[in-house]
**Student:** 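Below you'll find the structure I mean.
Naming: A, B, ... by sequence-line order, numbering from 1 per chain.
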There are 2 protein chains.
Amino acid sequence: MVINDRERPVPAVTIADVARLAGVGESTVSRVLRRSGSYSEETRDKVLRAVSALGYVPNRIAGALASTESDLVALIVPSLANIVFPDVLRGASVALESSGFQSVIGVTDYEEAREEDLIASVLAWRPRALILAGLEHTDRSRAMIAASGVRVAEILDLDGQGIDHVVGFSQHAAGRDTARHLVGRGRRRLAYLGIRLPGDSRARKRHEGFLAGLAEAGLSPADQELVPAPSSAEAGRIGLATLLARTPDLDAVYFVNDDMAIGGYFHCLAEGITVPDRLALFGFNGLEVGQALPQPLSTIRTPRYRAGEVAAGLLLAQAPATVVDTGYELVPGATS
Amino acid sequence: MVINDRERPVPAVTIADVARLAGVGESTVSRVLRRSGSYSEETRDKVLRAVSALGYVPNRIAGALASTESDLVALIVPSLANIVFPDVLRGASVALESSGFQSVIGVTDYEEAREEDLIASVLAWRPRALILAGLEHTDRSRAMIAASGVRVAEILDLDGQGIDHVVGFSQHAAGRDTARHLVGRGRRRLAYLGIRLPGDSRARKRHEGFLAGLAEAGLSPADQELVPAPSSAEAGRIGLATLLARTPDLDAVYFVNDDMAIGGYFHCLAEGITVPDRLALFGFNGLEVGQALPQPLSTIRTPRYRAGEVAAGLLLAQAPATVVDTGYELVPGATS
DNA sequence: AACAGCATTGGCAGCGCTGCCAACTTATAA
DNA sequence: TTATAAGTTGGCAGCGCTGCCAATGCTGTT
């Protein structure tokens with residue numbers, strides 16, 4: 001049953017058709033459909049009857065052009081492969097959809113240049129607002145945003161200068177707190193296991209924070225390893241094996257995220273390495289699956305959903321530029 | 001540094017401004033920017049110079065209205081909490097973005113009525129195409145789609161009647177193959193562990209297929225359990241505990257998806273239940289993390305990314321209505 | 001010298017709607 | 001009764017762009 005074939009013979013029902021059938025003016029139809037201005041109940045019924053008789057679907061493109069404001073909100077994220085960003089989208093789209101907004105998304109693959117392109121093409125739709133990940137953007141991106149006048153929320157980072165709203169937490173502090181936590185538990189031979197992904201500035205800041213935290217205690221990392229992107233449990237497993245082969249006497253490993261840490265945990269399970277006695281494992285993000293491990297993963301739970309939600313809320317409320325520190329929660333777990 | 005404040009003092013640069021500065025007509029500017037029609041190199045340079053001098057960003061709303069075609073593609077998915085749908089989005093957006101299309105997304109929470117609302121509001125933007133999950137939609141959804149004339153791709157299911165393109169695989173067959181696999185390995189006391197989510201028709205079809213597969217072997221399920229949504233490792237853990245408490249002599253459990261199955265595996269680890277000797281575990285989706293477990297999870301790997309990619313490809317190519325069976329891959333793993 | 005053919009260009013209607021304003025009706029106050 | 005306010009309604013310009021068509025200037029031909 002092919003309903004739609006190549007040609008689009010549908011002649012498009014317009015507001016004029018509805019007005020004619022209902023025997024009212026176009027602006028009356030418009031008012032009824034947008035519940036704006038005033039109209040009698042009788043008129044409303046006539047209009048709604050005509051609308052459903054014709055199967056009229058308002059053309060928001062025309063509406064947006066006429067009113068010079070759209071109900072589009074653009075979200076530009078680095079990736080969809082990591083559950084972090086879908087979580088942000090979830091939080092944002094719940095808020096957005098319940099207010100009748102439409103989400104337009106773009107994926108940058110952690111490349112600023114790609115982000116710039118996406119910003120340009122999304123701004124062409126004159127969105128009501130823009131949600132970006134992180135605080136690092138090209139100069140041209142900033143210039144386009146400023147010139148367009150759209151409101152912006154930057155999320156999941158707090159370490160740097162924001163454009164407008166900023167909703168997130170300090171990645172640097174998260175890394176530093178992890179170091180303090182591990183050092184506080186007596187660890188001295190710590191390693192960092194990350195991935196090679198230069199565009200991931202948030203991971204970089206955590207890493208820097210971690211090193212700073214070690215330095216506070218007069219320590220430096222016993223080893224460090226960057227495995228090829230993308231992050232995955234398998235990558236964590238292999239990465240940990242590599243680290244331990246090179247530096248067998250490690251007593252703690254800080255993984256760039258939970259996916260990797262879970263893989264590391266599996267390596268320990270398979271190799272009979274006692275966690276945390278022999279080796280402490282620490283992740284980042286607080287994924288659900290990490291908490292369901294036989295030993296709940298030590299990690300930092302990040303408010304991803306909430307960040308999306310709060311950012312959307314600020315934008316919808318047209319609040320003055322605001323910085324919201326959503327914080328994070330260190331989950332001691334049982335692997336450190 | 002607040003760049004944007006409440007008012008939008010930006011007077012908006014239009015094509016007329018560019019035309020004036022470049023000393024050419026508006027249609028010439030339009031032609032240059034869209035690389036359509038013909039124009040001299042000199043003219044192009046003048047126009048581009050004016051564009052960057054003014055920081056002109058074309059208004060696609062106006063463009064779409066004038067040309068009565070937009071470069072928006074709408075994707076409506078049940079959820080973003082499960083990595084399945086982000087994977088689909090990834091596949092689709094790579095294809096879409098590389099062709100200069102913009103993705104508009106909506107999340108239905110597995111509710112047909114919600115899907116209907118989203119379809120209505122997204123059709124108001126006159127998208128070029130629409131990607132939906134599954135084949136189940138309300139009559140009004142179908143009617144709106146037919147009336148609008150947009151091309152549609154329905155993905156991740158093949159069991160039923162499609163509207164236009166259909167890209168996916170048979171969920172029923174996946175469930176049935178799982179039953180055959182487990183029965184073929186000598187299992188006789190099988191249970192199903194799902195979640196209470198009536199709108200998840202794909203899970204329902206797998207479940208039905210599973211029962212059909214058991215029936216082929218003259219078996220019926222030894223037990224079944226539906227835990228409250230959402231699915232998660234923790235839910236799988238608890239669900240398996242519940243099943244085993246009620247029916248201790250189970251020899252295999254089919255989980256609605258890998259998230260749940262991984263939780264079940266953790267339960268076995270924690271309780272010292274030997275997998276697969278004492279109990280076989282089987283999941284669905286083929287998540288990466290399941291394959292990194294000490295024993296790789298037995299599961300069915302589904303082509304989620306590919307489904308998004310193929311669907312987008314068909315739509316962009318304006319292909320005649322096509323049904324693509326992407327198939328799936330049964331991964332024997334080590335837990336069954 | 002006149003003309004067809006082509007590349008290049010500008011003018012302008014119109015895409016479908018909203019915002020504004022004026023016109024009208026009815027209710028209420030003076 | 002007349003003036004004033006409030007509630008309804010329709011007309012129409014115009015949002016910024018594209019598509020169509022006509023105009024222009026060249027080139028190469030007869």
**Student:** Measure from the side chain of A/Arg34, starting at C-beta and using heavy atoms only, and say which of C/dG16, C/dG19, D/dG10 lies closest.
**Tutor:** C/dG19
**Student:** For C/dC15, take OP1 and OP2 only and decide whether either is under 4.0 Å from a side-chain N or O of B/Thr68.
**Tutor:** no
**Student:** Output one line per pair: protein atom, nucleotide atom from nucleotides 25-28 of chain C, and distance, for all N/O pairs under 3.5 Å.
**Tutor:**
none

**Student:** Could you give the CZ-to-C1' distance, from A/Arg126 to D/dC17, as a whole number of Å?
**Tutor:** 11 Å
**Student:** If you round to the nearest 0.5 Å, how far is CZ of B/Arg90 from CD of B/Glu309?
**Tutor:**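 It comes to 10.0 Å.
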**Student:** Where the side chain of A/Ser93 meets the backbone of A/Leu89, is there a donor-acceptor pair that is under 3.5 Å apart?
**Tutor:**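 Side chain of A/Ser93 to backbone of A/Leu89, a donor-acceptor pair under 3.5 Å: yes, one is there.
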**Student:** Answer yes if the side chains of B/Ser40 and B/Thr43 hold a donor-acceptor pair under 3.5 Å, and no otherwise.
**Tutor:**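 There is such a pair between these side chains.
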**Student:** Rounded to the Å, how far apart are A/Glu69 CD and D/dC15 C1'?
**Tutor:** 12 Å
**Student:** For the side chain of A/Leu65, starting at C-beta, report the closest nucleotide among D/dC15, C/dC17, D/dC17.
**Tutor:**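 The closest nucleotide is D/dC15.
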**Student:** Does B/Phe101 offer a backbone N or O that forms a donor-acceptor pair with the side chain of B/Ser99 under 3.5 Å?
**Tutor:** no
**Student:** In whole angstrom, give the distance that lies between atom CH2 of B/Trp125 and atom P of C/dG16.
**Tutor:**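 Those two atoms, CH2 and P, are 15 Å apart.
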**Student:** Which listed nucleotide (C/dT18, D/dG10, D/dC17) is nearest to the side chain of A/Val24?
**Tutor:** D/dG10
**Student:** When you check the gap from the basic side-chain N to the acidic O, do B/Arg128 and B/Glu69 get nearer than 4.0 Å?
**Tutor:**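 Counted as a salt bridge, because a side-chain N and a carboxylate O are separated by less than 4.0 Å.
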**Student:** Closest approach to the side chain of B/Ser27, judged atom by atom: which nucleotide of D/dG10, C/dC17, C/dC12 is it?
**Tutor:** C/dC12
**Student:** Counting only side-chain N and O atoms of A/Thr28, is one of them less than 4.0 Å from OP1 or OP2 of D/dG10?
**Tutor:**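 Answer is yes, contact under 4.0 Å.
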**Student:** When you compare the side chains of A/His137 and A/Glu154, does any donor N or O come within less than 3.5 Å of an acceptor on the partner?
**Tutor:** yes
**Student:** Measure from CD on B/Glu26 to P on D/dC20 and round the result to the nearest Å.
**Tutor:** 17 Å
**Student:** Rounded to the Å, how far apart are B/Ile61 CD1 and C/dT18 P?
**Tutor:** 13 Å
**Student:** Whole angstrom is fine here: how far is it from CG in A/Leu54 over to P in C/dG16?
**Tutor:** 14 Å
**Student:** Heavy-atom nearest nucleotide on DNA chain D for B/Arg31 versus B/Val57: which residue maps closer to 5'?
**Tutor:**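 Nearest nucleotide further toward 5': that of B/Val57.
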**Student:** Backbone N or O of B/Val150 within a donor-acceptor pair of the B/Ser148 side chain at under 3.5 Å?
**Tutor:** yes
**Student:** B/Glu115 and side-chain contact (heavy atoms from CB on, under 4.5 Å): which partner among B/Thr108, B/Asp109, B/Val77, B/Thr138?
**Tutor:** B/Thr108
**Student:** A/Ser98 side chain to A/Ala95 main-chain N or O, any donor-acceptor pair under 3.5 Å?
**Tutor:** yes
**Student:** Could you check how far CZ of B/Arg20 sits from C1' of C/dG10, rounded to whole Å?
**Tutor:**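 Answer to the nearest Å: 15 Å.
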**Student:** Which ones in residues 36-43 of chain A lie close to DNA chain D, meaning a heavy atom under 4.0 Å from one of its atoms?
**Tutor:**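 By residue number: A/Ser38, A/Tyr39, A/Ser40, A/Thr43.
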**Student:** Can you identify which nucleotide, out of C/dG16, D/dC17, D/dG19, has its nearest atom closest to the B/Ile15 side chain?
**Tutor:**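 Closest nucleotide among those given: D/dC17.
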**Student:** Is it true that a side-chain atom of A/Asp164 and a backbone atom of A/Val152 form a donor plus acceptor pair closer than 3.5 Å?
**Tutor:**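 Here the side-chain-to-backbone pair exists.
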